[in-house]
Amino acid sequence: QGKAVKLLDELQALGTSAMPQHRIFCFIAAWALRPLLALEIARHSEVQTHMDIATLERSLGTQVVKKRLHSLRSHLQDIVLRVEYYTNPFELGTWTKPHWTQGDASALGQQLAKPMKKATIALLSLKSNIQSSTGLPSGVQVNLRKALPSWEHSVSSSTVGVVDALRASNGQKALESLSQIQAAVQGVDDVLLHTSE
């Protein structure tokens, strides 16, 4: 594009200082080069447009993932708060040994059903984002691939583990399972911290 513009300018400048017959030639040559110049400008615009679209896709892909990460974090934190309602007396030392009943375990299981379902949906959406990888920066994909298995474990096994621990009045097991869910919340925070638009 730059060479064509320069040549066009030189021909036009030469046309103003040359003899009459040379002026006509330079005028014709300058006009003949205009389609070439227009073609180069169009090619440059097309390349720029593709770059702009790719940048926009990455930005939109990242925003979608961030929204789903925030959703997952919200549901995981909801699980943590519901579990802590039961585990705090033992964890904080109010109880020297667990006093949970079968009723407590059943009640907690019912309370966790909804946030577990929503967290599972958020996880499936994130997995779908990784598989399609449309517009998603490679760094974000890598972070999600590493983190998803532990998050899935926290939503399924660890959450069920807490309910089972309450049913068995196993304080240590309940706190271990809770700790894994809390670690998942921290893991989501870490990925969000390194996921920029």
Side-chain angles (χ1 to χ4, degrees), residues 58-197:
R58 283 195 299 272
S59 178
L60 290 175
T62 303
Q63 288 178 28
V64 168
V65 167
K66 287 179 73 173
K67 181 177 179 181
R68 287 176 175 164
L69 283 169
H70 281 294
S71 175
L72 175 61
R73 188 198 187 284
S74 174
H75 302 316
L76 287 172
Q77 185 60 31
D78 191 9
I79 292 171
V80 167
L81 292 174
R82 291 170 189 260
V83 171
E84 285 180 336
Y85 175 82
Y86 290 92
T87 59
N88 274 347
F90 177 70
E91 184 176 15
L92 299 177
T94 305
W95 295 349
T96 55
K97 62 179 182 178
H99 295 165
W100 302 308
T101 65
Q102 297 296 315
D104 290 333
S106 298
L108 178 59
Q110 291 175 357
Q111 292 169 24
L112 295 181
K114 189 173 181 179
M116 279 179 66
K117 181 178 179 180
K118 290 184 176 180
T120 301
I121 292 172
L123 284 168
L124 290 173
S125 297
L126 286 169
K127 289 180 77 172
S128 175
N129 285 126
I130 293 176
Q131 290 168 356
S132 65
S133 69
T134 303
L136 200 59
S138 59
V140 176
Q141 292 184 50
V142 170
N143 289 339
L144 287 175
R145 286 184 196 279
K146 288 180 180 178
L148 276 173
S150 65
W151 296 348
E152 289 175 323
H153 177 77
S154 296
V155 172
S156 57
S157 301
S158 299
T159 305
V160 172
V162 170
V163 175
D164 289 343
L166 260 66
R167 187 169 284 112
S169 285
N170 187 331
Q172 190 60 38
K173 178 63 177 177
L175 295 182
E176 287 175 2
S177 298
L178 172 60
S179 177
Q180 291 172 356
I181 304 168
Q182 291 169 328
V185 174
Q186 183 58 54
V188 175
D189 285 339
D190 290 342
V191 172
L192 277 169
L193 185 63
H194 295 95
T195 303
S196 60
E197 294 183 15

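Being a predicted model, the structure only gives us computed values, none of them experimental.
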If you take all heavy atoms of [X] and [Y], which pair is closest and at what distance?
X	Y	answer
Ala122	Arg68	CB-O, 4.3 Å
Lys66	Leu192	O-CD2, 4.0 Å
Ala174	Leu166	CB-CD1, 4.3 Å
Ala119	Leu72	O-CD1, 3.7 Å
Leu76	Ala184	CD1-CB, 4.0 Å
Asn170	Pro98	C-CG, 4.5 Å

Please answer whether the main-chain N or O of [Y] pairs with a side-chain N or O of [X] as donor and acceptor at a distance below 3.5 Å.
X	Y	answer
Ser128	Leu124	no
Arg73	Val188	no
Trp151	Leu123	no
Ser169	Thr101	no
Ser177	Lys173	yes
Ser179	Leu175	no

Straight-line distance of [X] [atom1] to [Y] [atom2], nearest 0.5 Å:
X	Y	atom1	atom2	answer
His75	Lys114	NE2	NZ	10.0 Å
Gln141	Lys146	CD	NZ	13.0 Å
Thr159	Ile79	OG1	CD1	4.5 Å
Asp104	Gln111	CG	CD	9.5 Å
Gln77	Ile181	CD	CD1	10.5 Å

- Item | For Asp190, all residues meeting side-chain contact (heavy atoms from CB on, under 4.5 Å), sequence neighbours excluded |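 Partners of Asp190 by the side-chain contact (heavy atoms from CB on, under 4.5 Å) criterion, ordered by chain and then number, come out as Gln186.
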
- Message: Assess the residue pair Asp189 and Val185 against the criterion (side-chain contact (heavy atoms from CB on, under 4.5 Å)); give the C-alpha distance rounded to whole Å, side-chain angles, the decisive distance to 0.1 Å, and a yes or no.
- Response: CA-CA 6 Å; Asp189 285 339; Val185 174; 4.3 Å; yes

- Candidate list Gln180, Glu152, Gln182, Glu176, test side-chain hydrogen bond (donor to acceptor under 3.5 Å, both in side chains), partner Ser158, passing option: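 The option that passes is Gln180.
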
- Identify which one of Val163, Val162, Asp164 satisfies the side chain to side chain contact (heavy atoms under 4.5 Å, CB included) criterion when paired with Val160. Asp164

- Query: Quick one: are Arg167 and Ser106 in side-chain contact, heavy atoms under 4.5 Å?
  - Reply: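 Yes. Closest side-chain heavy atoms under 4.5 Å.
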
- Query: After noting the C-alpha distance and the side-chain angles of Asn129 and Leu144, does the key distance pass the side-chain contact (heavy atoms from CB on, under 4.5 Å) rule?
  - Reply: CA-CA 10 Å; Asn129 285 126; Leu144 287 175; 5.6 Å; no

- Query: Hey, are His70 and Ser74 close enough side-chain-wise for a donor-acceptor pair under 3.5 Å?
  - Reply: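 No - no donor-acceptor pair under 3.5 Å links their side chains.
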
- Listed by chain and number, what are the ring-ring contact (aromatic ring centres under 6.0 Å, His included) partners of His99, not counting sequence neighbours?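 His99 satisfies ring-ring contact (aromatic ring centres under 6.0 Å, His included) with Trp95 once adjacent residues are dropped.
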
